[in-house]
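Positions are given from 1, in the same order as the sequence printed here.
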Amino acid sequence: MASTVRLVVSRAGGAQQHMIGLLESRSSDGMANRLAGFCQGLTEVGFVDAENVRVVCRWADNRADRLPEMAADLVRQQPDVIFASGGPLPALAAKAATKTIPIVFLVGQDPTNLGLVSSLARPSGNLTGLNLFANGLEAKRLQLLHQLVPRAARIAVLTNPADTAYTEITLQEVGAAARALGLQLKNFAATTVREIDEAFSAMGQEPPDALFVAAAPFLNARRVQLIHLAVLHRLPATGRLRDFAEAGGLMAYGPSIVDAFRQCGVYVGHILKGAKPADLPVRQASKFELFINLSTARLLGISPPPTLLAMADEVLE
């Protein structure tokens, strides 16, 4: 799906117009706050005060097979910069489509392991961006879930094995944290909508006490289905992004996605001003957020500890 977002200049007359191509694996639904963060980043480097900007968007609607052609279409329009977000696949598609147009990516794994850049400090080539991954993040999320639901001893971990890197990180970190906390884990996998239903049916045979949803674009896109099934099975569930708690999940802990988009906007602004991607080191997420859905807690008969409520960046009603 194609769309155009226009940013209006704050100064009239004679400004040069730049084009930014946005390549996204998801749909435009629920993206308003993220795009606002991206625009804020552009503004922070003074870009809006000096230039007109046209953002041409391509939304893959969670269909990975559409990304290569969408990337090629953006390249044909010759944007000044391509911003690729929504997991590694948009960034990889953009990289395959051009070796000259600067690309700013937003991914959740080490971009050197993905083959996007040769080095975090000196990316080389035409790509740079932001890495949402942080060591210990998934372990910390399990620890917070344990604090919130201390009676939960058996934890179901749902991963999307098609996202190899996300799955490996999740199982390694959560496995180590579970052993330290004395918790039992059972792994479930889903790569399709039907397999999500099948995973919950399998959980029903030996019901767990809580659900840990791995960080993966597909699973986040299916958060409403996941949360509906979790509530149906009376499972306290944790996800990584605010979207998960807003949709009715019990808890979410992870990087601030709005701040991540802001940082990417800053990098795009620097490139529009003449910076080279090879000279901009890959950044790592630096702001992390905890959200607790109090309505869901009440529904499940959970009383969050006051200390944890005080830690939360936001308690959702």
Residues Arg242, Asp313: salt bridge by 4.0 Å N-O rule: no
Between Asp197 and Arg194, is there a salt bridge with N-O shorter than 4.0 Å? no
In Phe38, Tyr267, Phe83, the residue satisfying ring-ring contact (aromatic ring centres under 6.0 Å, His included) with Phe261 is Phe83
Cut-off 3.5 Å, side chains only: do Asp259 and Gln263 have a donor facing an acceptor? yes
Do NZ/NE/NH1/NH2 and the carboxylate oxygens of Arg26 and Asp61 come within less than 4.0 Å? no
Are Ser124 and Ser118 linked by a side-chain donor-acceptor pair shorter than 3.5 Å? yes
Less than 4.0 angstrom from a charged side-chain N to a carboxylate O is my criterion; do Arg34 and Asp243 meet it? yes
Considering all heavy atoms of both residues, which atom of Leu120 and which atom of Pro111 are nearest to each other, and what is their separation? CD2-CG, 3.6 Å
Which pair of non-hydrogen atoms, one from Phe133 and one from Arg240, has the smallest distance, and what is that distance? CA-NH2, 4.0 Å
Hey, is CD on Glu206 packed in by over 12 heavy atoms from elsewhere, all under 6.0 Å? no
Check: Gly248 main-chain N/O paired with Thr296 side-chain donor or acceptor under 3.5 Å: yes
Atom CZ of Arg122: over 12 foreign heavy atoms under 6.0 Å: no
With clusters defined by side-chain heavy atoms of hydrophobic residues (ILVMFWY) lying less than 4.5 Å apart, directly or transitively, does Leu114 cluster with Ile169? no
Asp73/Arg76 ion pair, N-O < 4.0 Å: yes
Please determine if Glu195 and Arg222 form a salt bridge, counting it only when a charged side-chain N lies under 4.0 Å from a carboxylate O. no
Under 3.5 Å, is there a donor-acceptor pair linking the side chains of Gln147 and Gln143? no
With side chains defined as the heavy atoms from C-beta onward, is the minimum distance between Phe291 and Glu289 less than 4.5 Å? yes
